[in-house]
Amino acid sequence: SDVRCTIANGGNVLIGTTTDDGYKLDVNGTQRVQDVLELEDVLTLNAISTPDDPAAGKSSIYMDSADGAIKVKINFGEEGVVTRTIASYDG
């Protein structure tokens, strides 16, 4: 059966997983925030290969595994998708 939500012995909430890796909230799958996502600490990005283009009117921020740069892909709809480097390491 599919795992939906578990509260682990230490109080951590697991959604879509049963492996407690020590995170207060651990979600396996896609999440959605319908208003504002406010972070009071750090956002950590794991290096990934270039993701698919986001849907029209949306954007994606990622760390490119090819060069380690932080990039954003923005889909302007009919005007197309652009990719811009936000930060990179020059060596």
task: Please check if atom CG in Leu25 has more than 12 non-hydrogen atoms from other residues, nucleotides or ligands closer than 6.0 Å.
output: yes
- prompt: What pairs of residues pass the side-chain hydrogen bond (donor to acceptor under 3.5 Å, both in side chains) test when at least one of them lies in residues 11-34, not counting sequence neighbours?
  reply: Asn12-Asp20
field: Single-linkage hydrophobic cluster Val33~Ile15, side-chain heavy atoms < 4.5 angstrom
entry: no
Would you give me the side-chain donor-acceptor pairs under 3.5 Å for residues 43-52, sequence neighbours excluded?
none

- prompt: With sequence neighbours left out, which residue pairs that include part of residues 38-51 fulfil the salt bridge (charged side-chain N to carboxylate O under 4.0 Å, His left out) condition?
  reply: none
- prompt: Are Val13 and Leu39 connected in a single hydrophobic cluster, I mean Ile/Leu/Val/Met/Phe/Trp/Tyr linked by side-chain heavy atoms less than 4.5 Å apart?
  reply: no
query: What residues form a salt bridge (Lys or Arg N to Asp or Glu O under 4.0 Å) with Lys73, not counting sequence neighbours?
result: Asp53
task: Please identify each residue that fulfils side chain to side chain contact (heavy atoms under 4.5 Å, CB included) with Ala69, with sequence neighbours left out.
output: Asp67, Lys71, Thr85, Ser88
message: Are Cys5 and Leu14 packed together at the side-chain level, in the sense that at least one heavy-atom pair is separated by less than 4.5 angstrom?
response: no
- prompt: Hey, quick one: are Tyr62 and Leu37 part of the same hydrophobic cluster, counting side-chain heavy atoms closer than 4.5 Å, chains of contacts allowed?
  reply: no
Only pairs under 3.5 Å count here: list side-chain donor-acceptor contacts from residues 76-83, not counting sequence neighbours, and write none if there are none.
none

